[in-house]
Amino acid sequence: MHATEFQLPTRFGTGSLGGCYAPETLMQPLLDLEKALRRALDDPSFHSELKTELRNFVGRPTPLTPAPRLAEKLGLRNLFLKREDLTHTGAHKINNALAQALLARRMGKAEIIAETGAGQHGVASAAACARLGLKCTVYMGVVDMARQAPNVARMRLFGAEVVPVEAGQGTLKEAVNEALRAWAGRCDKAHYILGSALGPHPFPTMVRTFQTVIGEEARAQVLEQFSGLPDAVIACAGGGSNGLGLLVPFLGDALHRFAVEAGGHGTALGEHAARLEGGRMGVLHGCKTLLLQDQHGHTAETASISAGLDYPALGPELAALVLDGKVEVLRASDDDALSGARLLCESEGILPALESSHALALLPELAKRGFTSVLLGLSGRGDKDLSTYQTKIGL
Ligand SMILES: *Cc1c(COP(=O)(O)O)cnc(C)c1O
């Protein structure tokens with residue numbers, strides 16, 4: 001009924017993924033948000049404000065780093081890394097968090113609600129709120145709070161309130177539920193900054209729009225440095241925001257696009273977060289997409305060494321690109337990711353986030369398939385994962 005009132009496309013691909021499966025109480029705030037987003041995107045002053053903050057606060061453009069020693073080791077002619085690990089707060093999440101915080105301020109909202117799993121999106125949101133003078137409340141599962149304690153401290157230092165969520169598995173899925181509920185109760189004053197290309201319309205479109213700066217910069221940089229395009233572009237995929245951000249600007253190019261999911265520690269339901277092979281169409285957190293579920297349609301538990309990829313649904317736009325044959329999905333196990341991280345550390349002196357290490361782990365496979373020039377999205381830095389690296393690698 002309400003969907004016809006939306007002006008931006010609410011659905012993706014031939015399978016009509018996405019949509020707006022939201023409770024009645026959220027329909028008006030979602031319509032208002034879409035309207036504000038369209039206005040902002042049509043307003044040159046929003047773009048210049050965003051560009052200035054991306055430069056001065058986030059540190060954009062991020063470099064495109066050639067990785068010749070790693071390329072040689074793998075038998076690739078060229079390997080380029082798009083360095084989102086070098087952004088302020090250490091991952092691509094800040095691109096979206098900052099842009100949505102600017103949008104919220106334009107909408108006259110003084111409060112921000114956010115959810116977080118690993119804590120990267122919570123830290124990015126808390127930093128953006130401190131920068132813009134907005135009040136920030138972050139919902140986080142109790143299990144995640146325990147295993148990501150340094151990020152909880154970072155958020156609190158930035159002045160955010162971190163609200164523990166006890167329900168269910170005590171992880172990201174429950175935190176999103178709680179954040180959506182809180183938003184429904186305070187939507188007159190608060191904006192909800194969702195952390196990936198997920199949720200009800202207009203969130204997936206908005207988050208992807210704010211992340212395409214990654215691929216737009218990378219495409220221009222690779223053309224300048226290499227005077228040609230690579231033959232493969234690869235990124236890791238949790239909800240899909242860094243993946244879409246990198247891959248969408250290359251959709252018109254004749255090259256291969258890859259997204260890498262978390263293969264966890266096994267192939268049975270509950271042992272991984274690989275939604276392409278294990279998932280079926282379902283609805284979670286407001287959108288229709290590929291979802292890991294049991295035979296009764298209950299959302300399945302997931303497992304991954306990287307908290308950022310540990311989510312049961314693939315974002316609807318990325319899932320649609322995959323189903324329509326424009327992006328190929330691969331998977332890397334926990335052990336593969338650790339090997340991927342070591343490869344980059346030893347060859348180039350760069351410590352990747354465990355999430356990004358899933359993409360790195362597939363580089364030997366791409367070389368084996370005959371690709372010679374690869375662009376890889378390094379979504380974040382690995383400082384947050386140091387204790388996992390220490391225990392698993394035995395340092
Ligand atoms: C959150 C996160 C991811 C996964 O999220 P997407 O929305 O799929 O990009 C990947 N890498 C890092 C470093 C993250 O923090």
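One-based numbering, in listed order, for ligands and for the atoms of each.
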Can you tell which part of Lys93 has a heavy atom less than 4.0 Å from ligand 1: side chain, backbone, both or neither?
side chain
I need the contact type for Glu84 against ligand 1. Using non-hydrogen atoms and a strict under-4.0 Å cut-off, is it side chain, backbone, both or neither?
neither
Give a yes/no on ligand 1: does Ala237 have at least one heavy atom closer than 4.0 angstrom to it?
yes
Near [X], which atoms of ligand 1 are under 4.0 Å from a heavy atom of that residue?
| X | value |
| --- | --- |
| Gln120 | 15 (O) |
| Gly380 | 13 (C) |
| Ala353 | 13 (C) |
| Gly240 | 6 (P), 7 (O), 8 (O) |
| Ser196 | 6 (P), 7 (O) |

Which protein non-hydrogen atom lies closest to atom 11 (N) of ligand 1, naming both residue and atom, and how far is it?
Ser379 OG, 2.7 Å
Which protein non-hydrogen atom lies closest to atom 4 (C) of ligand 1, naming both residue and atom, and how far is it?
Gly308 O, 3.3 Å
So Asp385 and Thr388, side chain to side chain donor-acceptor pair (under 3.5 Å) or not? Walk me through it.
CA-CA 5 Å; Asp385 300 314; Thr388 308; 5.0 Å; no
Contact (N/O only, under 3.5 Å) between Ser356 and ligand 1
no
I want to know if ligand 1 touches Leu309 in the polar sense, i.e. an N/O pair below 3.5 angstrom.
no
So that I can tick it off, tell me whether Glu261 and Arg275 are bridged by a salt bridge, with the cut-off set at under 4.0 angstrom between side-chain N and carboxylate O.
yes
For the residue pair Arg38 and Gln7, establish whether any side-chain heavy-atom pair is separated by less than 4.5 Å.
yes
Non-hydrogen side-chain atoms of Ile112 and Lys109 separated by less than 4.5 Å
no
Parallel, tilted or perpendicular: rings of Phe258 and Phe371 (30°, 60°)
perpendicular
Please check: side-chain N/O of His285 versus main-chain N/O of Lys173, any donor-acceptor pairing under 3.5 Å?
yes
